[in-house]
Amino acid sequence: MFRLVNEEHFPGASKKVVRKTLAMHANHGRYLQAVTQGGARYRLDGTEEGEITGYQQQLAAETIAKRQAPKG
């Protein structure tokens, strides 16, 4: 994965930068909301690769709920 991201999207980026960038994307609210809707899962190159599972939808919904829960 690092090679694909580094060579095609962030040439010269360190593994740390690539890791943080992917983590920011995967933890973004819009991404999590899209996962809760289900549907196709896509690779970094844009090709379709299977479906989002019910378990993945559940994890995304739980993450969103935790973020929206009152702090205290």
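Side-chain atoms are counted along with the backbone in the values below, which use heavy atoms only and exclude waters and symmetry mates. Along the sequence shown, residues are numbered consecutively beginning with 1.
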Partners meeting side chain to side chain donor-acceptor pair (under 3.5 Å) with Q37 (sequence neighbours left out)
none
E51: which residues meet the side chain to side chain donor-acceptor pair (under 3.5 Å) condition with it, sequence neighbours left out?
none
Taking side chain to side chain contact (heavy atoms under 4.5 Å, CB included) as the criterion, tell me which of E62, Q57, Q56 meets it with L59.
E62
Report yes if the side chains of L32 and T36 come closer than 4.5 Å at any heavy-atom pair, otherwise no.
no
Mind checking the OG1-CD spacing from T63 to Q58? Nearest 0.5 Å is all I need.
10.0 Å
same_hphob_cluster(Y31, I52) at 4.5 Å side-chain heavy-atom cutoff
yes
So, R43 and E49, do they make that salt bridge, N to O below 4.0 Å?
yes
